[in-house]
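In what follows, a structure is listed as structure tokens, so that the remarks can point back to it.
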Amino acid sequence: MGSILRDWQGFHQFPAATQSKLVELFAKLKEEGVNKMTILVMGKGGVGKSSTVNSLLGERVVNVSSFQSEGFRPVMVSRDRAGFTLNIIDTPGLVEGGYVNYQALELIKRFLLNKTINVLLYVDRLDAYRVDDLDKQIISAITDSFGKEIWNKSLLVLTHAQLCPPDDLIYDVFCGRRSEAVLKTIRMGAQIRKRDFEDSAIPVGLVENSGRCNKNENDEKILPNGDAWIPSLVKEIVGVATNGKKSLLVDEKLVNGSESNDRGKIFIPLILGVQWLLVKWIQREIKKDIVKGGKYI
């Protein structure tokens, strides 16, 4: 269920420019007293979750295949660099046979028992041009499983970002429209008021895991807008980790669903009180009728 902590060898596979940017970002975390960060990666199958994990670590730590189904169990990979620990948890796809895979969600929750999630990466594809009711159902299922607060620590990641936008749209305009469509679905599925959502807006990161991804003069993988996406994504992740919102502790209450039961228990005294008053009222009315000579069958 756990993971062996290893030295982050893949870090040295990044171009020198990327390494320098990452060192700066992790130094920011350590300045704020953060020596460990745990990232949870979730989304539908086939959107590039595992490939993104491999890209972020610079190592092939989880298997990726276009012709095989995803693993059935979550996997946590832990890496250490200069006293900083990075945990990334890859998870099974949340859709099976065109429906939300609640069994996978339950499996993920139990795997996360006693772990603190600092950042959720919700992964989808940039080149999927529409959202549908299934997307909303997935968001609702995640919210029901982990609580609405999980979206305070989330980052929307859109993969397959090296593309030519349709309809002659400018790249950044297309990315903005696609991002807003998914963010609107998150608002609806999680039942978050737009005002609250804007107060702590979910940031967006773009990813291109393909080996054919273009590179800049520093040998960094770049998107069509020129952004070196790995340091850009890590910057967004660090921003979420340090956004002042409470990280998610997955405890037994959350796993077993007893938290909702506990909320219901607060109404028990009220219900009993109403029942007691109702009984007293009936007894009083009966006594009044007896006094008046009434008869009861």
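Side-chain atoms are counted along with the backbone in the values below, which use heavy atoms only and exclude waters and symmetry mates.
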Decide yes or no for [X] and [Y]: does some side-chain heavy atom of the first lie under 4.5 Å from some side-chain heavy atom of the second?
{"X": "Y122", "Y": "I202", "result": "no"}
{"X": "F174", "Y": "L163", "result": "yes"}
{"X": "L112", "Y": "F146", "result": "yes"}
{"X": "L86", "Y": "S78", "result": "no"}
{"X": "T143", "Y": "Q191", "result": "no"}
{"X": "T116", "Y": "S247", "result": "yes"}
{"X": "I108", "Y": "P92", "result": "yes"}
{"X": "L206", "Y": "Y171", "result": "yes"}

Return the [atom1] to [atom2] distance between [X] and [Y], rounded to the nearest 0.5 Å.
{"X": "N118", "Y": "K153", "atom1": "CG", "atom2": "NZ", "result": "6.5 Å"}
{"X": "L56", "Y": "L121", "atom1": "CG", "atom2": "CG", "result": "7.0 Å"}
{"X": "I150", "Y": "L40", "atom1": "CD1", "atom2": "CG", "result": "6.0 Å"}
{"X": "E236", "Y": "L156", "atom1": "CD", "atom2": "CG", "result": "10.5 Å"}
{"X": "E31", "Y": "F26", "atom1": "CD", "atom2": "CZ", "result": "14.0 Å"}
{"X": "C213", "Y": "H160", "atom1": "SG", "atom2": "NE2", "result": "12.0 Å"}

Under a 4.0 Å threshold between the charged nitrogen and the carboxylate oxygen, would [Y] count as salt-bridged to [X]?
{"X": "D251", "Y": "K253", "result": "no"}
{"X": "K21", "Y": "E220", "result": "yes"}
{"X": "R6", "Y": "E59", "result": "no"}
{"X": "D127", "Y": "R178", "result": "no"}

Are the side chain of [X] and the backbone N or O of [Y] linked by a donor-acceptor pair below 3.5 Å?
{"X": "W151", "Y": "A190", "result": "no"}
{"X": "K136", "Y": "M188", "result": "no"}
{"X": "T159", "Y": "V47", "result": "yes"}
{"X": "N243", "Y": "N152", "result": "yes"}
{"X": "Q162", "Y": "E208", "result": "no"}
{"X": "N225", "Y": "D227", "result": "yes"}

| request: Assert yes or no for the condition that the ring centre distance of F84 to F11 is strictly below 6.0 Å. | output: no

| After noting the C-alpha distance and the side-chain angles of K44 and E96, does the key distance pass the salt bridge (Lys or Arg N to Asp or Glu O under 4.0 Å) rule? | CA-CA 9 Å; K44 293 175 286 190; E96 182 71 30; over 6 Å; no

Establish whether [X] and [Y] are linked, either directly or via other cluster members, by ILVMFWY side-chain heavy-atom contacts under 4.5 Å.
{"X": "L107", "Y": "M42", "result": "no"}
{"X": "L5", "Y": "L29", "result": "no"}
{"X": "I222", "Y": "F14", "result": "no"}

Heavy-atom closest contact ([X] atom, [Y] atom, distance):
{"X": "G205", "Y": "L233", "answer": "CA-CD1, 4.1 Å"}
{"X": "V250", "Y": "K109", "answer": "CG1-O, 3.8 Å"}
{"X": "L105", "Y": "A141", "answer": "CD1-CB, 3.4 Å"}
{"X": "T91", "Y": "K49", "answer": "O-CE, 3.1 Å"}
{"X": "L158", "Y": "S179", "answer": "CD1-OG, 3.5 Å"}
{"X": "L249", "Y": "N114", "answer": "CD1-C, 4.3 Å"}

| task | Report the C-alpha distance between Q19 and Q13 in whole Å, list the side-chain angles of each, state the deciding distance to 0.1 Å, and finish with yes or no for side-chain contact (heavy atoms from CB on, under 4.5 Å). | result | CA-CA 9 Å; Q19 290 186 39; Q13 304 303 315; over 6 Å; no

Donor + acceptor pair across side chains of [X], [Y] (<3.5 Å):
{"X": "Q9", "Y": "D7", "answer": "yes"}
{"X": "N209", "Y": "S51", "answer": "no"}
{"X": "T185", "Y": "D135", "answer": "no"}

| field | Set of residues satisfying side chain to side chain contact (heavy atoms under 4.5 Å, CB included) with respect to L25, sequence neighbours excluded | value | L22, V234, K235, V238

| field | Neighbour count >12 (heavy atoms, 6.0 Å) for atom CG, D132 | value | yes

| For L169, does the CG atom sit with more than 12 other heavy atoms under 6.0 Å from it, leaving out its own atoms? | yes

| request: Under the salt bridge (Lys or Arg N to Asp or Glu O under 4.0 Å) rule, what do E106 and R110 come out as? Steps first, then yes or no, please. | output: CA-CA 6 Å; E106 188 65 25; R110 297 194 177 280; 3.2 Å; yes

| task | Tell me, with the steps shown, if I89 and I39 meet side-chain contact (heavy atoms from CB on, under 4.5 Å). | result | CA-CA 6 Å; I89 302 170; I39 302 170; over 6 Å; no

| task | Test side-chain contact (heavy atoms from CB on, under 4.5 Å) on E252 and L113 and set out the steps. | result | CA-CA 7 Å; E252 289 191 5; L113 179 62; 3.9 Å; yes

| request: Measure from NZ or CZ of K115 to the centre of the six-membered ring of F111 and say whether it is under 6.0 Å with the direction within 45° of the ring axis. | output: yes

| message | Between V157 and D124, does the side-chain contact (heavy atoms from CB on, under 4.5 Å) criterion hold? Intermediate values first, please. | response | CA-CA 6 Å; V157 174; D124 207 330; over 6 Å; no

